[in-house]
Amino acid sequence: MRRSLLAAALLLSGSLLAGCDANSTFLNNNLNCDRVRTYDIGNTVNGSLTSSDCQLSDGSAADYYEIRVNSSRQVQIVAQSNQFDPYLAILDSNGNSVQEETFGDVGYSEIVTSLPSGTYYVTATSYNPGDQGSYQLTSDYY
């Protein structure tokens, strides 16, 4: 159910996303969020979902990370948390869903997919609407 909920929230008009604050890395009009961070595949980053993050239409907090793929590659992205059940999605440069979680378990979400070269956005959110807490995001190329 969360899969369809997230897809609907991401694919609908940007007016459904609200609650981004001014402490941004940069603004992305396609995501209607001014709190998008850059992220390089192969790195690890610690994040947290809070009430001050961008919000999906169901009220869930969402963090967005811009990634750039220079040539067609298979990527793996993993979110882990001991405070909530994470959920991942990858969006294209227009904010359309490309891939959602391919494997998940309590405290774990994983996407493994092939991406052509381009700019994408990793969306880190919670499987259960409204859950918040700290998480770790890791990634690698295959």
Side-chain angles (χ1 to χ4, degrees), residues 1-69 72-142:
M1 181 169 160
R2 180 66 176 156
R3 180 177 302 240
S4 61
L5 233 175
L6 181 60
L10 296 173
L11 293 173
L12 293 174
S13 110
S15 65
L16 294 177
L17 297 174
C20 300
D21 65 26
N23 298 324
S24 65
T25 302
F26 66 91
L27 171 66
N28 182 291
N29 289 325
N30 291 327
L31 299 176
N32 194 28
C33 181
D34 66 353
R35 202 168 184 185
V36 178
R37 299 161 183 92
T38 58
Y39 177 72
D40 293 323
I41 298 293
N43 289 335
T44 298
V45 65
N46 293 314
S48 63
L49 296 179
T50 68
S51 59
S52 65
D53 287 332
C54 296
Q55 304 289 309
L56 299 177
S57 62
D58 66 0
S60 296
D63 287 343
Y64 295 99
Y65 296 90
E66 180 187 72
I67 61 172
R68 294 174 192 246
V69 178
S72 292
R73 303 282 301 267
Q74 187 170 16
V75 298
Q76 176 193 36
I77 302 170
V78 173
Q80 296 182 76
S81 175
N82 61 8
Q83 298 178 352
F84 69 96
D85 193 6
Y87 192 85
L88 293 172
I90 297 176
L91 311 177
D92 66 15
S93 61
N94 295 314
N96 300 309
S97 180
V98 172
Q99 180 70 52
E100 295 185 38
E101 178 179 280
T102 52
F103 178 77
D105 203 349
V106 176
Y108 184 86
S109 180
E110 178 182 34
I111 292 177
V112 176
T113 190
S114 294
L115 296 173
S117 62
T119 300
Y120 299 91
Y121 299 95
V122 174
T123 307
T125 188
S126 59
Y127 182 81
N128 297 310
D131 284 357
Q132 298 179 0
S134 299
Y135 64 89
Q136 185 175 69
L137 187 72
T138 59
S139 62
D140 211 341
Y141 289 111
Y142 274 86

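- Atom-to-atom distance recorded for T102:OG1 and Q76:CD is 8.5 Å, nearest 0.5 angstrom.
- Partners of Q80 under the side-chain contact (heavy atoms from CB on, under 4.5 Å) rule, at least two apart in sequence or in another chain, are V78, Y108.
- Residues V75 and Y120 form no side-chain contact, since every pair of their non-hydrogen atoms from C-beta on lies 4.5 Å or further apart.
- The two residues V98 and L91 come nearest to each other via the heavy atoms CG2-C, 3.9 Å.
- When all heavy atoms of P86 and S109 are compared, the closest pair comes out as O-CB, 3.3 Å.
- Atom CD of E101 sits about 8.0 Å away from atom OH of Y127, to the nearest 0.5 Å.
- Put simply, the side chain of I67 does not reach to within 4.5 Å of the side chain of D40, judged on heavy atoms.
- In this structure the side chain of L49 reaches within 4.5 angstrom of the side chain of S126, judged on heavy atoms.
- With rounding to the nearest 0.5 angstrom, the CZ atom of R73 is 9.5 Å from the CD1 atom of I41.
- In this structure, S139 contributes its side chain and G42 its backbone to a donor-acceptor pair below 3.5 Å.
- Between T113 and I90, the closest side-chain pair of non-hydrogen atoms falls below 4.5 Å.
- Rounding to the nearest 0.5 angstrom, the gap separating the CG atom in D63 from the OH atom in Y39 is 12.5 Å.
- In this structure a side-chain-to-backbone donor-acceptor pair under 3.5 Å is missing from T123 to L88.
- In this structure, the side chains of F84 and N128 stay at 4.5 Å or more apart for every pair of heavy atoms.
- Here the straight-line distance linking atom CD of Q136 with atom OG of S81 works out to 10.0 Å at 0.5 Å rounding.
- Between F103 and V112 there is no side-chain heavy-atom pair separated by less than 4.5 Å.
- Inter-residue side-chain proximity for Y121 and V36 is flagged as met; some heavy-atom pair is nearer than 4.5 Å.
- Side chains of T50 and S48: no donor on one and acceptor on the other come within 3.5 Å.
- Donor-acceptor pairing under 3.5 Å is lacking for the side chains of Y87 and S60.
- Between the side chains of Q74 and S114, no donor-acceptor pair of N or O atoms lies under 3.5 Å.
- In this structure, the separation between OG on S134 and CG on N46 is 8.0 Å, given to the nearest 0.5 Å.
- Counting heavy atoms from C-beta on, the side chains of I111 and E100 never come closer than 4.5 Å.
- The backbone N or O of T38 sits nowhere less than 3.5 Å from a side-chain atom of R68 that would complete a donor-acceptor pair.
- Using modelled atom types, one side-chain atom of T125 and one backbone atom of A61 make a donor-acceptor pair closer than 3.5 Å.
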